[in-house]
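Working notes, structure below.
All values below come from the heavy atoms of this structure, side chains included, with hydrogens, waters and symmetry mates left out. Nothing fancy with the numbering, it's 1 onward along the sequence.
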Amino acid sequence: MKLRTQVLLLQSAVVAVTLGIGFTVFATTTEDRVTDEHGQRALAIARSVSADAALRGEVARYSAADDGLVSPDNPELASGEVQEAAEAVRSATGALFVVVTDDQGLRLAHPDPEQLGRRVSTDPAEALAGREVVTSESGTLGASVRAKVPVTDPSSGRVVGEVSVGIATDRVRSDLRSDLADAALIALAALVCGAVGSLLLANRWKRLTLGLEPEQLTELVREQEVVLHGISEGVVGTDAGGTVTVVNAEARRLLDLDDGIGHSVDTLGMTPRLLDVLRTADGIPVAATTGDRVVVVVSRRVVRDGRDLGTVMSVRDRTDIETLTRELDAVKSMSTALRAQRHEFANRLHLIDGLLRQGRADQAVEYIEQILGSGPLGEQLEGADALADPYLHAFLAAKAAHAREQGVALVLGENTWVHATVRVPVDVTTVLGNLLDNAIEAARVSGHTPAEVEVELVEDGADLHVSVADTGDGVDAALPDVFAEGATTRSGSTVPGGRGMGLALARRVARLHGGDVVLADRGGRRTPDNPTGGAVFLATLTGVLDEGDAGWAERI
């Protein structure tokens, strides 16, 4: 049975049972009420009859007369004043009977003249004792609700008889059936209204649950839990008002979020860039950093049947990809440098081969001695022998080759000295590579001649200090914070998530090692402190050098 049918039947049953109980209570109380009302009516009639002075006098006369005056054989009773008064009241009020007796209980008035002078069929003792009585009894005229009131002598106040007024039980029941019929109609109308309300509620339930049954809803919730917490992407969902509705385990891990379901999205602890992406919901992938991770986030608004249901943001981890990309860039740069060296060696070997074939051995020897003094690496990056770490040495040689391809000269500062080896080469080259890439790009697009980038690396115990300056136009004043995620003046990026991540990533990596990256000079003009005229960045990486290893320079 479908849920809405169960709800309809259950609520209809509840309404029916409630109405049944209420109707039973009403019927019981109504019977007592109607009986009491008719009893009070009979009492009022009896009181009015017993208050008649003429009737009281007649009853006192009969009560004081000798025995034999009140008997069935006395025709005076049928035409007497008491009989006429009682019958007049009975006809006027519609009572079943109005009976008047003397102090012996003998009838002085009765609807049936044959009963005059005879003793009443019910006990008159209470009334003759001076007390009013309302009771339900059965007499010669049938069952009735009756009231008995004493009649007193006008002169002495002594009880000389009683007045008994009865209303037929059939009339009481007729009034009761009328009241119950009205109540039944009202109960039936309430039952119909309840059934209609239950039907409307069942239909609304169906609309709210999209026609799904409880078992289907339960299975849907289970499937949602499996999907949300089983996928490798983070998911953050909010409703139209910005209240968090979904945060799966992967999102909490990637973004280091609190479980803020039911609270405002501002309380989750996301970075301003992530909050901006979530609120914008334009469907464009954006790269962001959080903790030591690089993620790509995309946010979309969900609309169903024209109704805004909220926003869903998916999060993908790009940390490993970013690391591999940096390493691949370094490898590509070094391979480019090696190709250039190969061509250079090939040219020199061709010259030596030519000299030897022509028999000019002395000139060939002289040429070999000349090139041994400089070597290809020395010619490509002057001062590189101050770097003891092979990874750092090769990385800068490759960057120098890359810069030459861009028409930019990469030079080492005169204070460059790194005698130890690098313990975390990937993190160091991430920071150094981002700074060099930005500087080479700035020097290239500026059009200044000569286009140069000066990098200086200084060892300070286990710490590494890096300075990168270029001959570009400096940092645009429109970028108040160049380290903010997404801050860039470049366009036409094909990188997923856009540009503006390099400096933010470099600073985050440096700070993870207890250091920092700062903009020492925005540039724009040459000064004694900034002879290149471009931007100057300073980076400090603490604890990244291994002082116990003197490097490959001492081992060759």
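In this view, Arg525 satisfies the side-chain hydrogen bond (donor to acceptor under 3.5 Å, both in side chains) rule with no residue, not counting sequence neighbours. Listed by chain and number, the residues in a side chain to side chain contact (heavy atoms under 4.5 Å, CB included) with Arg304 are Leu210, Leu309 (sequence neighbours excluded). In this view, Arg526 satisfies the side-chain hydrogen bond (donor to acceptor under 3.5 Å, both in side chains) rule with no residue, not counting sequence neighbours. With sequence neighbours left out, the salt bridge (charged side-chain N to carboxylate O under 4.0 Å, His left out) criterion links Arg444 to Glu441. Every residue two or more places apart in sequence or in another chain that forms a side chain to side chain contact (heavy atoms under 4.5 Å, CB included) with Ala539 is listed here: Val431, Leu435, Val466, Val517. Among residues two or more places apart in sequence or in another chain, the salt bridge (charged side-chain N to carboxylate O under 4.0 Å, His left out) test is passed with Asp516 by Arg507, Arg511. Qualifying side chain to side chain contact (heavy atoms under 4.5 Å, CB included) partners for Glu233, counting only residues two or more places apart in sequence or in other chains: Ile231, Ser314, Arg316. Under the rule for a salt bridge (charged side-chain N to carboxylate O under 4.0 Å, His left out), the partners of Arg279 that lie at least two apart in sequence or sit in another chain are Asp266. Not a single salt bridge (charged side-chain N to carboxylate O under 4.0 Å, His left out) links Glu456 to another residue, sequence neighbours left out. Thr471 is linked by a side-chain hydrogen bond (donor to acceptor under 3.5 Å, both in side chains) to nothing, counting only residues two or more places apart in sequence or in another chain. Every residue two or more places apart in sequence or in another chain that forms a side-chain hydrogen bond (donor to acceptor under 3.5 Å, both in side chains) with Thr311 is listed here: Arg301.
Of all heavy-atom pairs spanning Val296 and Pro285, the tightest one is CG1-CB, 3.9 Å. Heavy atoms only, all atoms of each residue included: Asn530 and Gly523 are closest at ND2-CA, 3.9 Å.
Using a 4.5 Å heavy-atom threshold, the side chains of Val458 and Trp417 count as separate. Leu412 places none of its side-chain heavy atoms less than 4.5 Å from the side chain of Glu382. Side-chain contact check for Val544 versus Asp463: every heavy-atom pair is 4.5 Å or farther apart. Side chains of Val277 and Leu274 form no contact here, defined as non-hydrogen atoms less than 4.5 Å apart.
Looking at Thr238, its side chain never comes within 3.5 Å of a backbone N or O of Gly310 through a donor-acceptor pair. Side-chain atoms of Asp521 do not come within 3.5 Å of backbone N or O of Val536 as any donor-acceptor pair.
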Under 3.5 Å donor-acceptor pairs involving side-chain atoms of residues 15-27, not counting sequence neighbours:
from  : atom 1 : to    : atom 2 : distance (Å)
Thr18 : OG1    : Val14 : O      : 2.7
Thr24 : OG1    : Gly20 : O      : 2.9

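Between the side chains of Asp437 and His402, not a single donor N or O lies within less than 3.5 Å of an accepting N or O.
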